[in-house]
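Each chain gets a letter, A, B and so on, in the order the sequences are listed, and its residues count up from 1. Just so you know, these numbers use all the heavy atoms, side chains as well, and skip hydrogens, waters and symmetry mates.
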There are 2 protein chains.
Amino acid sequence: MPDDSVFLALAHPVRRRLLQLLAGGPRTAGDLAEQFDLSRPAVAEHLSVLRRAELVRDVPVGRQRRYHLTAEPLAEVEDWLHPFEHLWRARLRSLADVAEEDT
Amino acid sequence: MPDDSVFLALAHPVRRRLLQLLAGGPRTAGDLAEQFDLSRPAVAEHLSVLRRAELVRDVPVGRQRRYHLTAEPLAEVEDWLHPFEHLWRARLRSLADVAEEDT
DNA sequence: CCGACATGTCAACTGGGCCCGACACGTCAG
DNA sequence: CTGACGTGTCGGGCCCAGTTGACATGTCGG
């Protein structure tokens, strides 16, 4: 039973969007908050969840705070996902093969 | 904004475990419920979440109900994950390179 | 046809996630 | 030093997921 916090972090669309934004490079908290029509505290809380999952790292820069993406924990998701991969790939193939079959 | 329900389904350890169990082959509801120390309704609700995400399919067999895994929606998670993959792989490599750097 | 079984579903309670407004802390400009 | 700005955190309210025990539905055995 791995971390659970990573899967939990990915469960909310805002947090997934945050990760996508940070994939393009570091951003400040205010900059991130402006991307959503949410209050600053709300975004701060989402960032806190991401920080707990160690998916982001924050570095104080003057009176701003710069958030960096740390994608390593996502490897855990991929590891979990991997055993299933051949299942849906096999099924997608067989769907083409047995196109005459019913569901 | 893809389905959201898939990520939500994966957010709970019981549901992830259910998927792993079903990866080994179809199982009945009661059989699945016995794997956890949870009430039947609890497991049924988890199964309902999985069904909503179209990750499982249930087929009545006599007075039992057989659950099958349908892994296709997991492809959505992999698709979302893929753009990040090179990030953590690159970082794991560079961690070895800059081992003398601090965090 | 009747009782036992497998399962789904309902009502009610609880917990926690999500959101906001307000406040506190530290930093920069002058 | 003082005031403005960027951020984090706190307190409170709202709502939904999760849990449980009890009940309803449908199926098999005799």
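The side chain to side chain donor-acceptor pair (under 3.5 Å) check on A:Arg66 picks up nothing, with sequence neighbours excluded. Applying the side-chain contact (heavy atoms from CB on, under 4.5 Å) rule to B:Pro60 yields the partners B:Arg65; only residues at least two apart in sequence or on another chain are considered. Listed by chain and residue number, A:Arg89 satisfy the side chain to side chain donor-acceptor pair (under 3.5 Å) test with B:Glu78 (two or more places apart in sequence, or in another chain). By the salt bridge (Lys or Arg N to Asp or Glu O under 4.0 Å) test, A:Arg15 is found to be paired with no residue, residues two or more places apart in sequence or in another chain being considered. B:Arg63 pairs by the side-chain contact (heavy atoms from CB on, under 4.5 Å) definition with nothing, not counting sequence neighbours.
Computed from coordinates, the A:Arg65 CZ to C:dG26 C1' distance equals 10 Å when rounded to whole Å. The CG atom of A:Leu47 sits 11 Å away from the P atom of D:dT9 (whole-angstrom rounding).
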Please tabulate the protein-to-nucleotide N/O contacts below 3.5 Å involving nucleotides 13-18 of chain D, giving atom names and distances.
| residue | atom | partner | partner atom | Å |
| --- | --- | --- | --- | --- |
| D:dG18 | OP1 | B:Arg15 | NH1 | 2.7 |
| D:dG18 | OP1 | B:Arg15 | NH2 | 3.2 |
| D:dG18 | OP2 | B:Arg15 | NH1 | 3.4 |

Could you list all N or O pairs between the protein and nucleotides 22-24 of chain D that sit under 3.5 Å apart?
none

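A donor-acceptor contact shorter than 3.5 Å links the side chain of B:Arg16 to the backbone of B:Leu10.
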Is there a side-chain contact (heavy atoms from CB on, under 4.5 Å) between B:Leu50 and B:Leu69? Walk through the geometry before answering. CA-CA 9 Å; B:Leu50 292 175; B:Leu69 175 69; over 6 Å; no

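The ring pair (Phe, Tyr, Trp, His ring centres under 6.0 Å) analysis of residues 53-75 of chain A, with sequence neighbours excluded, yields no pairs. Judged as a ring pair (Phe, Tyr, Trp, His ring centres under 6.0 Å), the pairs with a partner in residues 23-58 of chain A (not counting sequence neighbours) are, in order, A:His12-A:His46. The salt bridge (Lys or Arg N to Asp or Glu O under 4.0 Å) contacts involving residues 22-40 of chain A comprise A:Arg27-A:Asp31, where partners must be two or more places apart or lie in separate chains.
Within a heavy-atom distance below 4.0 Å of DNA chain C, the residues of residues 17-40 of chain B found are B:Thr28, B:Ala29, B:Gly30.
Toward the 5' end of DNA chain C, the nearer of the two residues A:Val61 and A:Val14, judged by each one's closest nucleotide, is A:Val14. A residue-by-residue look at A:Gln64 and A:Ser48 shows that A:Gln64 has its nearest nucleotide of DNA chain D further toward the 5' end.
For A:Arg63, the listed nucleotide lying nearest its side chain is C:dC28; candidates were C:dC28, D:dT27, D:dG8.
To the nearest 0.5 Å, atoms CG (B:Leu22) and CG (B:Leu32) are separated by 5.0 Å. A distance of 8.0 Å separates CG in B:Asp4 from CZ in B:Phe7, rounded to the nearest 0.5 Å. Rounded to the nearest 0.5 Å, atoms CG (B:Leu19) and CH2 (A:Trp80) are 4.5 Å apart.
With axes fitted over five pairs at each extremity, the angle between the ends of the helix from C:dC1-D:dG30 to C:dG30-D:dC1 is 30° (10° resolution).
Between B:Tyr67 and C:dG8, a side-chain N or O to OP1/OP2 separation shorter than 4.0 Å is present.
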